[in-house]
Structures are given as structure tokens and as C-alpha cells.
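Sequential numbering from 1 along the given sequence is applied to the chain's residues. Note: hydrogens, waters and symmetry copies are ignored here, and every other heavy atom, side chains too, is used. Whatever order the structure lists them in is the order used to number ligands and atoms, beginning at 1.
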Amino acid sequence: LRVTRTPMSDADQALAGHAWTLRDVTQQRLAEDMRDRFLTTATHELRTPLANIRAYAESLATVEDIDPESQKRFYNIIQSEAVRLSQLVDDLLDVSRMQAGALAIDRREMDLARLVDEVTQKVDASMQEHCIDFRCELPPKYPKVYADKSKLAAAVVNLLGNAAKYTPDGGRVTFRVEASDNTLEFSVADTGIGIGPDELAHVFDRFFRSDDDRVREIPGSGLGLSLTQEIARLHGGELTVDSELNVGSIFRLTIPLEEAG
Ligand code: ADP
């Protein structure tokens, strides 16, 4: 509560008393907290990839006789850092849309088999890079799905990407797609670092990142799960998690299989 006191004077300019104003500033404080976290995250998460892009581009431009192998490696770093940047910008935009209640989905009949292909291909490289045993358990027959394909794909990629990020090398990630009569479920189980009970309640909060050093050394904005949860909700579904510290996590995204409209 914010209390302000304003002196009031009468017609002769003599002090006649004070007007007291009481204002609930909780919302304002929350908005300020959010803005601070937004700025810290944006600054840190934008700076690192930008610095890398500059450094590697400069080397390519100025260092003579770079062997072709290093040259290729530098180009790849520049490219992946640029992808990371545009992902961050997209997430920040989606989060501000979400805050304004303006994150919308475009539900249509979509090809689930294709979505599954696309998302697995997208995360395959990072699974391989970390020597993760990546298993897919897919249904024999895909149901008809009405959903926003690109948003749903982004949500699933985010869960798989997190599993790859937070699972130490040599671990296992199992991606399962299951359809019952009226529900479609994507689940992502990992044998990773897990999440402790205190933090589990906060993983879907905007900008939340664990205090665990193993998380802190990995780049991230803390936006992915809040957006993924919102995408599930916009489809009338939900995102849930079970996790045990140092054992692993399982995230489940379910959406109802009903016809649009
Ligand atoms: P980011 O990965 O960018 O930090 P997210 O919103 O995707 O943001 O995740 C929020 C936090 O939840 C992560 O920082 C991490 O602490 C925790 N988390 C998410 N997925 C996993 C996972 N598969 N295993 C362990 N911790 C996870």
C-alpha cells in the first residue's frame, strides 16, 4: 500500500489540513519486478550471442590464412548464435503479447506426422552433440488434429530442447506421442538434473530459472515453459511436470482432440 499526504490550504492559503491517499501498489510493484527481470534477461541474453557474433565475424574478416575447417566452425557459431538471438526476440515478443492477452492461435487441421518429423529433426543435432540416447515412441496411427501447428511445434521443441539442455551427456530422453479418443499427449522424459520440490512450483513462471549452478551455466531466458504452458492453454489443454532432483523430469503437454469451431 502506498500512502501519500498532500497539504491542503484554505482560501487564505493557511494550512487547513492534509489529504491522505492510499493506493494499492502491489500490481505496480509486480510490473516493476517483471520489467527489471525483463531487462536483466534481455541484456544478458542478448549480449552474449552478440559478442560471439562480433568476435567470430571479426576473425573471419581480419585473420589471414584461416584454415577451411576453422572457417567453417566460425560460420557455424555465427549462425547458431544468430538463431539463438532470433529465438530470444521471438520469445520476448510472444511473452509481451501473452501479458497483453493478445497471444492468439490459429487452429486448423494439421498433419501430426509431419509435426513429429519436424520437431525430432530440429532437436536431433543437440541430442547427438550431448551423446543423448534419444528415443521416440510414436502411435501406429495418427489422429486428426486441429491445432496451431507452428505454435504447437514450438512448444514441443521447447520441451525437447530443455530435456537436451538439462540432461548431462550420455543420458536418455524419451519423446512419446499418444492419442486416446479425445486427448493428444506429448510427453518428454529425461534422466537429467531434475528439479527440486521448492523450485518445481515456479518452473512455469515467466523468467524463472533455477539457482542450480548446472542451470546457470547454460544459456536460457526462463521464458520457454511459460510460453509452452500458454500454448497448451490456448488449445484448451495443459502442461504438467513431475520431477525429482538428480533423477530426471517428465513434462506432459495434452490437448483435447476436438474439431475446431
Ligand atoms: P530456460 O530453459 O530458458 O531457462 P524455461 O522456461 O524453458 O527457460 O525453463 C525454466 C527453468 O525450468 C529452467 O531454467 C530450469 O531451471 C528448469 N527446467 C526446465 N526444463 C527442465 C528439465 N528438463 N530438467 C531440469 N530442469 C528444467
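Among the atoms of S210, some N or O lies under 3.5 angstrom from an N or O of ligand 1. By the 3.5 Å distance cut-off applied to N or O atoms, I195 is not counted among the residues near ligand 1. Between F251 and ligand 1, no pair of N/O atoms sits closer than 3.5 Å.
Remark: L93 CG to L223 CG distance equals 11.0 Å, nearest 0.5 Å.
At the shortest separation from atom 10 (C) of ligand 1 among protein heavy atoms lies F208 O, 3.3 Å. Closest protein heavy atom to atom 7 (O) of ligand 1: N162 ND2, 2.8 Å. Ranking protein heavy atoms by distance to atom 3 (O) of ligand 1, first place goes to S221 N, 2.8 Å. Atom 2 (O) of ligand 1 has as its closest protein heavy atom Y166 OH, 2.7 Å. For atom 17 (C) of ligand 1, the closest heavy atom belonging to the protein is V203 CG1, 4.1 Å. Protein heavy atom nearest atom 6 (O) of ligand 1, with residue, atom name and distance: L225 N, 2.8 Å.
Ion pairing between R84 and E81 holds under the 4.0 Å rule for side-chain N and carboxylate O. In summary, D94 and R97 engage in a salt bridge, as defined by a charged side-chain N under 4.0 Å from a carboxylate O.
Taking a cut-off of under 4.0 Å to the non-hydrogen atoms of K165, the atoms of ligand 1 that pass are 1 (P), 2 (O), 3 (O). Close approach of ligand 1 to L223 is summarised as follows: ligand atoms under 4.0 Å from at least one heavy atom of the residue are 6 (O), 8 (O). Heavy-atom proximity to G220, at under 4.0 Å, picks out these atoms of ligand 1: 3 (O). Every atom of ligand 1 with a heavy atom of R209 under 4.0 Å away is listed here by number and element: 1 (P), 4 (O), 14 (O).
Checking E45 against S221 by side-chain atom types alone, no donor-acceptor pair falls below 3.5 Å.
A heavy-atom distance below 4.5 Å is found between the side chains of V173 and M127.
Using a 4.0 Å cut-off between heavy atoms, V215 contacts ligand 1 through its side chain alone, with no backbone atom that close. Of the heavy atoms in D190, only side-chain atoms (C-beta onward) come closer than 4.0 Å to ligand 1.
Side chain of S126 to main chain of A164: no donor-acceptor pair is present (N/O by atom type, distance under 3.5 Å, no hydrogens or angles). T120 places a side-chain N or O within donor-acceptor distance of the main-chain N or O of V116, the cut-off being under 3.5 Å.
Counting heavy-atom neighbours within 6.0 Å of K122 NZ, excluding the residue itself, gives a total of 12 or less. Heavy atoms from other residues, nucleotides or ligands lying under 6.0 Å from CZ of R214 number more than 12.
Ligand 1 lies nowhere less than 4.0 angstrom from a heavy atom belonging to F204. Contact analysis puts G222 in contact with ligand 1, with a non-hydrogen atom separation below 4.0 angstrom.
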Using the rule given for side chain to side chain donor-acceptor pair (under 3.5 Å), can you reason through D67 versus Q71, listing the C-alpha separation, both sets of side-chain angles and the distance that settles it, and then say yes or no?
CA-CA 6 Å; D67 60 284; Q71 210 170 35; over 6 Å; no

Going through the distances and angles, do D91 and V89 end up as a side chain to side chain contact (heavy atoms under 4.5 Å, CB included)?
CA-CA 5 Å; D91 283 356; V89 171; over 6 Å; no

